[in-house]
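Beneath this line is the structure, given in structure tokens, with notes to follow.
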2 protein chains.
Amino acid sequence: MKYIDKLRISGLRPTKQRIQICEVLFNTEKTFHFTINELEQKIRNKKGNKISLATVYNTVHAFEKNGYLKRIPLNSNQTYFDTNVTNHHHFYDLKEEKLIDLENSDVGPISIKRKINGKKIKSVEVLVKLED
Amino acid sequence: MKYIDKLRISGLRPTKQRIQICEVLFNTEKTFHFTINELEQKIRNKKGNKISLATVYNTVHAFEKNGYLKRIPLNSNQTYFDTNVTNHHHFYDLKEEKLIDLENSDVGPISIKRKINGKKIKSVEVLVKLED
DNA sequence: AGTGTAGTTTATAATGGTTCTAAATAAGTG
DNA sequence: CACTTATTTAGAACCATTATAAACTACACT
Ligand SMILES: [Mn+2]
Ligand SMILES: [Mn+2]
Ligand SMILES: [Zn+2]
Ligand SMILES: [Zn+2]
């Protein structure tokens with residue numbers, strides 16, 4: 001999907017800054033994990049110009065709300081996002097403080113046997129912590 | 001196990017403040033989830049006196065390090081802890097913003113088929129998000 | 001018991017990721 | 001081009017958490 005469509009569907013006008021964010025986020029072979037600060041640095045390195053943090057936060061949050069980015073539940077002082085929005089799970093390397101994707105085929109089916117009245121399951125996410 | 005032993009094993013002297021924290025954390029039929037601020041309020045309500053936040057943080061972190069409390073990976077602006085330190089998983093009710101324990105028997109066995117060289121699995125935690 | 005030392009509590013400050021603000025700028029529309 | 005509305009931005013505000021350092025306490029040893 002073209003960047004501009006992702007932006008438009010997310011209710012955002014395709015500005016110069018947002019398109020640069022898109023190029024770093026979506027113009028890659030592989031998906032990746034990032035914090036807001038890492039993303040801001042990456043844009044500065046790859047594009048050679050600086051986008052204000054407020055714009056990065058706004059754009060990432062809009063993409064998250066519209067399903068083009070995923071927030072990863074993790075105990076860290078920074079929030080981690082994922083450009084891989086398919087259902088998948090994660091290794092978390094405690095020493096390196098790095099996330100690694102687990103393909104869905106890497107994890108057997110997960111059966112949740114308990115039901116909560118009036119609630120339905122929105123997502124099931126597994127976090128596998130790794131140590132040496 | 002007596003509070004004082006938990007404290008001593010954690011390398012902490014059994015002071016008046018720490019014993020009050022223990023009474024609120026461990027002197028209950030059921031286990032529970034909490035944030036530091038909720039814990040501090042609970043102590044003030046149940047014990048009628050105030051313990052400084054620094055002491056609550058220090059004590060909780062010492063108990064976490066020694067396996068008497070568990071930190072729950074969750075995307076929140078506050079850190080959640082659990083007095084249930086057995087292997088178990090969680091529902092997270094997105095609307096109520098509340099954690100619910102899933103007993104181990106509520107979740108089928110989870111097989112992780114991928115290995116990372118030189119790393120071993122420390123924990124496997126499932127987070128099931130609930131919506132209405 | 002009294003003393004000395006190391007551990008502890010506490011109020012308060014510092015830190016740092018995130019969110020808010022409001023003024024300057026840019027996009028879209030006719 | 002003129003106008004309206006959305007966007008960007010630097011900086012301030014927010015707030016959970018961590019650090020600080022002075023007053024206080026546990027406890028081991030006389
Ligand atoms: Mn978090
Ligand atoms: Mn946190
Ligand atoms: Zn991922
Ligand atoms: Zn729990």
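What's counted below: heavy atoms across the whole structure, side chains too, no hydrogens, waters or symmetry copies. Naming convention: chains lettered A, B, ... in sequence-line order (proteins, then strands); numbering from 1 in each chain.
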(request) Using distance alone, with no hydrogens and no angle criterion, decide if B:Thr86 and B:Asn84 have a side-chain donor and acceptor under 3.5 Å apart. (result) yes

(message) Side-chain heavy atoms under 4.5 Å apart, restricted to Ile/Leu/Val/Met/Phe/Trp/Tyr: what other residues fall into the cluster of B:Val85, or is it alone?
(response) none

Got a list of side-chain donor-acceptor pairs under 3.5 Å for residues 123-132 of chain A, not counting sequence neighbours?
{"residue": "A:Glu125", "atom": "OE2", "partner": "B:Lys129", "partner atom": "NZ", "Å": "3.3"}
{"residue": "A:Lys129", "atom": "NZ", "partner": "B:Glu125", "partner atom": "OE2", "Å": "3.4"}
{"residue": "A:Asp132", "atom": "OD1", "partner": "B:Lys119", "partner atom": "NZ", "Å": "2.8"}
{"residue": "A:Asp132", "atom": "OD2", "partner": "A:Lys95", "partner atom": "NZ", "Å": "3.1"}

(request) For A:Arg71, enumerate each residue passing the salt bridge (charged side-chain N to carboxylate O under 4.0 Å, His left out) test, keeping only those at least two apart in sequence or located in another chain. (result) A:Glu64

(message) If we check side-chain hydrogen bond (donor to acceptor under 3.5 Å, both in side chains) with B:His33, which of these qualifies: B:Glu38, B:His90, B:Lys70, B:Lys98?
(response) B:His90

(message) Does A:Arg8 reach a base, just sugar-phosphate, or nothing at all? Heavy atoms under 4.0 Å.
(response) sugar-phosphate

Residues 46-54 of chain A, side-chain donor-acceptor partners within the protein, below 3.5 Å, at least two apart:
{"residue": "A:Lys47", "atom": "NZ", "partner": "A:Glu23", "partner atom": "OE1", "Å": "2.6"}
{"residue": "A:Ser52", "atom": "OG", "partner": "A:Thr55", "partner atom": "N", "Å": "3.4"}
{"residue": "A:Ser52", "atom": "OG", "partner": "A:Thr55", "partner atom": "OG1", "Å": "3.3"}

(request) List the protein contact pattern of nucleotides 6-18 of chain C with one symbol per nucleotide (5' to 3'): B for base contact, S for sugar-phosphate-only contact, - for none; contact means a heavy-atom distance under 4.0 Å. (result) -SSSBB-----SB

(request) Please state how far atom CG in A:Asn75 lies from atom P in D:dT18, giving the value in whole angstrom units. (result) 11 Å

(message) Please report the end-to-end axis angle for the helix from C:dA1-D:dT30 to C:dG30-D:dC1, five pairs per end, rounded to 10 degrees.
(response) 30°

(request) Using atom CD of B:Gln20 as one end and atom P of D:dT25 as the other, report the distance to the nearest whole Å. (result) 14 Å

(message) Restricting to non-hydrogen atoms, name the atom on A:Tyr92 and the atom on A:Leu99 that form the minimum distance, rounded to 0.1 Å.
(response) CD1-CD2, 3.8 Å

(message) Please find the pair of heavy atoms, one from B:Ala62 and one from B:Leu12, that lie closest to each other, and give the distance.
(response) CB-CD1, 3.5 Å

(request) Calculate the interatomic distance between B:Ile4 atom CD1 and D:dA26 atom C1'; express it in whole Å. (result) 12 Å

(message) Can you measure A:Glu40 atom CD to C:dT19 atom C1' for me and round it to whole angstrom units?
(response) 16 Å

